[in-house]
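Treat the numbers as computed from the prediction; the structure is a model and nothing was measured.
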Amino acid sequence: MATALLAQGRYQEADEYAGITADVAAEDDFEPQMRWRMVRARILAQEGEYPEAERLAREALELGEGTDWYMFHASALIALADVLEQAGRASETPPLVETALALYERKGARVEAEASRRRLAVSRRPGTASPGWCG
C-alpha cells in the first residue's frame with residue numbers, strides 16, 4: 001500500500017503505511033523490511049532529508065544484495081539512485097541503474113528493464129534530468 005500511495009504522490013499516507021510496516025514486519029522478513037525503507041527513503045529525499053534518506057536506501061540495498069530476489073535487489077538500487085538524484089548527486093547513479101538493468105534483464109522484467117534503459121539514455125544526455133522513480 002505504501003508503494004502505491006507513493007507512486008500517487010500521497011507522501012503522508014505512504015509514510016504512515018511504511019511506518020506500520022516497519023512496526024509489524026519481522027526483523028528477518030527482508031521483503032517488507034526493504035519496502036518500508038525504500039518508501040521512506042524516497043519520502044525523506046522529497047523533504048530534503050538526504051542523509052537519512054540515503055541511509056535507509058542503502059539499508060534496503062544491503063538487504064536486497066543478500067538475496068537471489070533480483071526484482072527486490074534491482075528496486076533497491078533504483079531507490080538509492082532516486083535518493084542520490086534528489087540530493088543533487090545524479091553523476092553517481094548510472095552504475096546503480098546499470099546494475100539494476102542487468103538484474104531486471106536476468107529476471108526477464110521487460111517493463112522495468114526498458115524504464116532503466118530510458119533512464120540511462122536520459123542521464124547520458126548533457127543538461128537533462130533523469131525521469132526518476134515512476135512506481
What closest approach, in Å, do [X] and [Y] show between heavy atoms, and which atom pair accounts for it?
{"X": "Met38", "Y": "Ala79", "value": "CG-CB, 3.8 Å"}
{"X": "Ala100", "Y": "Leu77", "value": "N-CD1, 3.7 Å"}
{"X": "Glu54", "Y": "Val83", "value": "N-CG1, 3.6 Å"}
{"X": "Ser116", "Y": "Val97", "value": "O-CG1, 3.6 Å"}
{"X": "Ala2", "Y": "Tyr17", "value": "CB-CB, 3.8 Å"}
{"X": "Ala18", "Y": "Val39", "value": "CB-CG1, 4.0 Å"}

Residue pairs meeting salt bridge (Lys or Arg N to Asp or Glu O under 4.0 Å), one or both in residues 2-20, sequence neighbours left out, come to Arg10-Glu13, Asp15-Arg40
Where do Phe30 and Trp69 land on the ring-ring contact (aromatic ring centres under 6.0 Å, His included) test, with the steps shown first? CA-CA 10 Å; Phe30 79 91; Trp69 290 48; 5.1 Å; yes
Just by distance, with hydrogens left out, do Arg42 and Gln46 show a side-chain donor and acceptor under 3.5 Å apart?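 No pair is found: no donor N or O on one side chain lies under 3.5 Å from an acceptor on the other.
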Quick one, Glu52 and Arg55 - any side-chain contact, counting heavy atoms below 4.5 Å?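 Answer yes - side chains close enough.
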Considering residues at least two apart in sequence or located in another chain, which fulfil the side chain to side chain donor-acceptor pair (under 3.5 Å) criterion with Arg106?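 Per chain and number, Arg106 pairs via side chain to side chain donor-acceptor pair (under 3.5 Å) with Tyr70.
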For Glu49, give me all partners under side chain to side chain donor-acceptor pair (under 3.5 Å), at least two apart in sequence or on another chain.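 Here no residue qualifies.
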For side-chain contact (heavy atoms from CB on, under 4.5 Å), just list the numbers for Thr3 and Met1, CA-CA rounded to whole Å, side-chain angles, deciding distance to a tenth of an Å, and then say yes or no. CA-CA 5 Å; Thr3 303; Met1 182 61 113; over 6 Å; no
Give the intermediate values and the outcome of side-chain contact (heavy atoms from CB on, under 4.5 Å) for residues Leu80 and Thr93. CA-CA 8 Å; Leu80 177 57; Thr93 65; over 6 Å; no
Test side-chain contact (heavy atoms from CB on, under 4.5 Å) on Ile78 and Leu96; report intermediate values, then the result. CA-CA 7 Å; Ile78 296 298; Leu96 299 169; over 6 Å; no
